[in-house]
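First the structure, in the form of structure tokens, and then the observations on it.
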Amino acid sequence: MRKFLSALLCAFLSVSVVLGLSACGNKKDYISVYTPDGAPALALAKLMHEENSFGGKTEYEVVDPSVIAGFVTGENPKADICVLPVNLASKLLGTGEKYKMLGTVTHGNLFILKKQGVEDITVENMSILTGKVVGVIQLTNVPGLTFKAVLRSNGLEYSELGNADSVDETKVNLKAVSHEQVAPSDKSCDYYVVPEPAATLKVNASKGALSFAGSLQTLYGEEGGYPQAVIVAKSSLIENNPEFIARFIAAVSESAEWLLFETTSAEMIVTAVQSHLTYGLKPSFTVANLSEEVIKNCAVKFVGSKDCKVEVNAFLDKLIAVNLSSASVVSDGFFYIENKS
């Protein structure tokens, strides 16, 4: 009997140890930061270069933009801090209950390209797009939505061309195109809307057959462009560790300036991003395509929620006017306003 009880006790202790280890294994002892690859990742490049852990443990991961929503949704979202498009943030997190917006980190990286012999596009002459075909990369997402908002703001009507549709001479005709279709040999489009770094790559590869014709940041009509990508943090993290949040915000603000320091090389930036890239993901930036011009065109700059709240709400309103399901009106609680008292 004594042997049986001893064996039973040992078994109980073994199970308890296993369960205890499992529980410890599931306990998260670090702060996770996620960002989509591309221009948003540049906003965190300095932090990733320095492996800035803010005195604790902070882990960074650069992921495919198409899956970023999965890191801030679900019962237990993986991301403590996340960079994502402002319209997506408004739809998923606009109540401010689970996450709050710390600020904007990019302010537009979309440009209009043209073929030889075609006019540049300015706010004053945008009407020349009427009757023209504009190929848009990601027509149904932020690039297309933003271009439509710009057209609406300038009083221009547009239509989307399907494969069998004919050009409407009274409207701006929008056509969904792939990266490969943006080429001088393409006969179907007069202009293209392309994000950086692809825009500069296309211009350089064409040897002058394609060139920059305009900037959506300028055509949007507001100083500093439009709020494109934002950074959010879990409300619980903000409440429980405000000191960390303050230090993190300061570091992100410094990261934007660091990108253009003379001492910051393209190799440093690219290595920082690629070393945190999800395994198997092809990087947007390489040493060959990340020039100073491209960095400037990505419009990386941190603006705190207090200072960008009005422009974020205005931009969301414009996107909603284009497509009701593209964005949502957010509550005041969505914006994190730092208390410095």
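- Side chain to side chain, Lys98 and Ser235 fail the donor-acceptor criterion of an N or O pair below 3.5 Å.
- Put simply, CD1 on Ile81 and CD on Glu59 are 13.0 Å apart, with the number rounded to the nearest 0.5 Å.
- Note that CG of Leu174 and OG of Ser159 are 6.5 Å apart. Values are rounded to the nearest 0.5 Å.
- Side-chain contact annotation: Thr200 with Glu196, donor-acceptor N/O pair under 3.5 Å present.
- In summary, the side chains of Gln217 and Ser215 do present a donor paired with an acceptor at a separation below 3.5 Å, with no hydrogens or angles considered.
- Partner Cys82 forms a side-chain contact (heavy atoms from CB on, under 4.5 Å) with one of Ile231, Val33, Val72, Val63 and no other, that one being Val72.
- Between Phe285 and Leu42 there is a side-chain heavy-atom pair separated by less than 4.5 Å.
- We find that Asp120 and Lys114 are joined by a salt bridge, their nearest charged nitrogen and carboxylate oxygen being less than 4.0 Å apart.
- In this model, no donor atom of one side chain and acceptor atom of the other lie less than 3.5 Å apart for Asn87 and Ser326.
- Cluster membership for Leu145 and Tyr191, using ILVMFWY side-chain heavy atoms within less than 4.5 angstrom, is shared.
- Residues Thr122 and Thr218 are not in side-chain contact: their nearest non-hydrogen atoms beyond the backbone lie 4.5 Å or more apart.
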Review item, side-chain donor-acceptor pairs of residues 298-311, under 3.5 Å, at least two apart:
unit_1 : atom_1 : unit_2 : atom_2 : d
Ser305 : OG     : Met101 : O      : 2.4
Ser305 : OG     : Leu102 : O      : 3.2
Lys309 : NZ     : Asp332 : OD1    : 3.1

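- A distance of 9.0 Å separates CG in Asn241 from CZ in Arg247, rounded to the nearest 0.5 Å.
- Looking at Lys100 and Val232, their side chains never come closer than 4.5 Å, going by heavy atoms from C-beta outward.
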Step by step, work out the side-chain contact (heavy atoms from CB on, under 4.5 Å) result for Val329 and Leu316.
CA-CA 7 Å; Val329 174; Leu316 292 175; over 6 Å; no
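- Between Phe315 and Tyr220, the distance from one ring center to the other falls under 6.0 angstrom.
- To the nearest 0.5 angstrom, Leu259 atom CG is 10.5 Å from Met268 atom CE.
- The closest side-chain donor-acceptor pair between Gln138 and His179, if any, does not fall under 3.5 angstrom.
- One finds the CD1 atom of Ile68 at 6.5 Å from the CG atom of Leu84 (value rounded to the nearest 0.5 Å).
- Counting only residues at least two apart or on different chains, the salt bridge (charged side-chain N to carboxylate O under 4.0 Å, His left out) pairs with a member in residues 132-160 are Lys148-Glu160.
- Hydrophobic cluster membership for Val182: Phe111, Leu113, Ile137, Val177, Tyr192, Val194, Val203, Leu210, Phe212 (Ile, Leu, Val, Met, Phe, Trp, Tyr linked by side-chain heavy atoms under 4.5 Å, directly or transitively).
- Here the straight-line distance linking atom OG of Ser32 with atom CD of Glu61 works out to 9.5 Å at 0.5 Å rounding.
- The nearest pair of heavy atoms linking Ala41 to Val62 is CB-CG1, 4.1 Å.
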